[in-house]
Amino acid sequence: MNNKFSRFLKTVPMKLWVILVAVVFFSFFSNDFGLVDIQKSAIILAAGIDKGEEGYRLTTQIAVPKGTDRTTGGTSSVEITGKGETVSDCVVDIYALTGWVPKFVFCNLLLIGEDTAKEADCMHVLDFFFRNEYMPDSCFVAVSQGSAEEMLASQSAVDDTSSLAITRLFSNASEKSGRVMKNTLREFVISYYGPSESGFMPFVCSFEQESGTGTESSGGGQGGQNSNGGGSQKKEKVYCVRRTALFKNGRMASILNEEQTFACNLVKGKVFSGSFVVDDNGKPVSITVLDNDGGVKFETKTTPKATLTVKLTVRLLNRSTPSSVDDVSLNVVTPELLQKAEDTIRTRLEEVFALLRETGCDLFQLNRSLYRASKAKYEEWKDTLLATVPAEFDIKIKSTK
């Protein structure tokens, strides 16, 4: 039977094959087999959620064809806000306002407004997204300083679209610098429903800077110049994600500062190019991390005990004052400076652990470790573990020379 079918295929004229391929090609690119009509769809790049007395406000950043008023490259966008008693109601409202069917398949950022994250369980906000089968679970989640609507509507100084400028800060290079603790929708939901009932998100801040637009032109003209011939000034934003919002039971409980965020990344063992400052007799010295190994050791033999481990290989990166030629050529991190570096990291981790005890945020997932080790001990300790568990800090730093 197979031989007969093969002989039949060989007898089919080549022109018929060409016509068949052309029909399939035309069908695919004309309407995508009826699955998607791009002209009737709103391709959402990012979404911001705020909750007020009257319900939810969902701000979507929708990709649109780029105009000629910007010359920096990238993707242009427009922000559309929908209102409703639930997030899905907001999506329906956006459809009613625009006539476009909102598509979240390319959404790469979810921003939660600061007040919304503080006042309510944010899973009420995220419920729609992790139930949506077309929503990528790799989407970044973050808390916005102020309202998410204002953050998305702000004008980026480095990109045509604010969400693209923000998500660029979650790159692998940024993570290796130790300055950002990025998180995804999937990982946040897993932590929320896990034994620790805790999680974290990057805290997004924005800063204004003035940008001259007088030299920009449109269609070959001199556009952008005022009546006096000078360039006009437009307020634009740059963004920062170096702080980290801590969550307990879905509610934002506190914020780690930049130094504490860096120390937590050292425990996670993800820093391979970052640097930190050590005080050397009143003079700041920058030390860069060449190798990083870290972790949390959790013991349950008698009573639970946690040990936070950080092991680093470093070198001297920069002194804030002139130094001798010998110091520059040898570039040695002295034992005294290494000890001060260890003390600096230990102090930061002690601050972090004290904050975790105060807020109840199990950032290092100690309850999850206890649950996996012994369900009986988990039932005994789950309500008091974080507040009472002894914590030790094993910090070891060595120099390349």
Side-chain angles (χ1 to χ4, degrees), residues 121-124 126-127 129-131 136-141 172 175-176 178 180-202 244-254 256 260-272 291-312 345-346 348-396:
D121 186 339
C122 70
M123 291 309 293
H124 296 166
L126 298 179
D127 181 83
F129 298 102
F130 73 83
R131 289 178 186 270
D137 57 12
S138 60
C139 176
F140 294 118
V141 290
N172 291 333
E175 187 176 34
K176 289 179 180 180
V180 56
M181 287 175 60
K182 64 183 182 182
N183 206 358
T184 63
L185 177 63
R186 177 181 181 274
E187 293 301 323
F188 186 86
V189 172
I190 289 174
S191 299
Y192 173 86
Y193 285 110
S196 294
E197 299 177 338
S198 301
F200 66 92
M201 293 184 189
T244 306
L246 301 177
F247 284 80
K248 176 62 177 177
N249 293 323
R251 181 179 283 103
M252 191 174 83
S254 188
L256 297 178
Q260 294 164 346
T261 295
F262 183 82
C264 288
N265 277 324
L266 292 177
V267 174
K268 293 176 180 290
K270 294 187 175 183
V271 182
F272 294 98
D291 190 45
N292 173 211
D293 185 21
V296 179
K297 183 179 179 182
F298 192 69
E299 299 179 9
T300 60
K301 292 182 179 179
T302 54
T303 58
K305 183 180 73 172
T307 302
L308 276 62
T309 302
V310 173
K311 296 181 180 180
L312 303 178
I345 299 301
R346 182 176 290 103
R348 297 289 178 262
L349 290 178
E350 288 173 349
E351 293 172 354
V352 170
F353 214 85
L355 188 58
L356 299 183
R357 292 187 193 275
E358 178 185 341
T359 60
C361 175
D362 189 5
L363 178 64
F364 297 112
Q365 301 294 317
L366 301 183
N367 269 292
R368 182 171 65 186
S369 299
L370 182 60
Y371 179 84
R372 292 174 176 176
S374 172
K375 291 185 179 179
K377 288 188 177 181
Y378 168 75
E379 292 297 331
E380 178 184 355
W381 286 88
K382 64 179 181 179
D383 295 327
T384 59
L385 178 65
L386 193 60
T388 60
V389 63
E392 296 182 358
F393 304 94
D394 183 14
I395 316 296
K396 295 180 180 178

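Nearest approach of F200 to F247, heavy atoms of both residues: CA-CD1, 4.1 Å. Residue C361 comes nearest to L386 through the heavy atom pair O-CD2, 3.4 Å, listed as atom of the first residue, atom of the second, then distance. Annotation for S191 and S198: closest pair CB-O, 2.9 Å, computed over non-hydrogen atoms. The heavy-atom pair separating E187 from N183 by the smallest distance is CB-OD1, 3.1 Å. Taking both residues in full, the closest heavy atoms of V389 and A306 are given as CG2-N, 3.8 Å, listed atom of the first, atom of the second, then distance. Of all non-hydrogen atoms in G178 and V271, the two that sit nearest each other are CA-CG2, 3.7 Å.
The number of heavy atoms from other shown groups lying within 6.0 Å of NZ (K377) is above 12. A 6.0 Å sphere centred on CZ of R357 holds more than 12 heavy atoms belonging to other residues, nucleotides or ligands.
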- Message: Could you go through L266 and N292, starting from their C-alpha distance and side-chain angles, then the distance that decides it, and tell me whether this counts as side chain to side chain contact (heavy atoms under 4.5 Å, CB included)?
- Response: CA-CA 7 Å; L266 292 177; N292 173 211; 4.1 Å; yes

- Message: Please determine whether side chain to side chain contact (heavy atoms under 4.5 Å, CB included) holds for the pair C264 and L256, giving the CA-CA distance in whole Å, both sets of side-chain angles, and the decisive distance to 0.1 Å.
- Response: CA-CA 9 Å; C264 288; L256 297 178; 3.8 Å; yes

- Worked verdict on N172 versus K270 for side chain to side chain donor-acceptor pair (under 3.5 Å): CA-CA 10 Å; N172 291 333; K270 294 187 175 183; over 6 Å; no

- Given side chain to side chain contact (heavy atoms under 4.5 Å, CB included), test D362 with E197 step by step and report yes or no. CA-CA 8 Å; D362 189 5; E197 299 177 338; over 6 Å; no

- Show your reasoning for whether side chain to side chain contact (heavy atoms under 4.5 Å, CB included) applies to T307 and F393. CA-CA 6 Å; T307 302; F393 304 94; over 6 Å; no

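Remark: T244 OG1 to M181 CE distance equals 5.0 Å, nearest 0.5 Å. Here L356 contributes atom CG and L363 contributes atom CG; the two are 5.5 Å apart, rounded to the nearest 0.5 Å. Atom OG1 of T184 is separated from atom CE of M201 by 10.0 Å, given to the nearest 0.5 angstrom. Atom CG of L308 and atom NZ of K297 lie 12.5 Å apart (nearest 0.5 Å). Rounding to the nearest 0.5 Å gives a distance of 10.5 Å between SG of C122 and CG of N249. If you take OG1 on T309 and NZ on K396, they are separated by 8.5 Å, rounding to the nearest 0.5 Å.
A side-chain hydrogen bond (donor to acceptor under 3.5 Å, both in side chains) check over residues 380-394, counting only residues at least two apart or in different chains, returns the pairs E379-K382.
With a 4.5 Å cut-off on side-chain heavy atoms, T300 and S374 do not count as touching. Between Q365 and Y371 the shortest side-chain heavy-atom distance does not fall below 4.5 Å. In this structure, F130 and D137 have side chains that are not in contact, with every pair of non-hydrogen atoms separated by 4.5 Å or more. At least one side-chain heavy atom of Y192 sits less than 4.5 Å from a side-chain heavy atom of D121. Here the side chains of V310 and L349 are in contact, with some heavy-atom distance below 4.5 Å. At a threshold of 4.5 Å between non-hydrogen side-chain atoms, the residues Y378 and P195 count as touching.
Residues passing the side-chain contact (heavy atoms from CB on, under 4.5 Å) test with R251, sequence neighbours excluded: none.
The aromatic rings of F353 and F364 lie parallel to each other, with less than 30° between the two planes, well short of the 60° mark.
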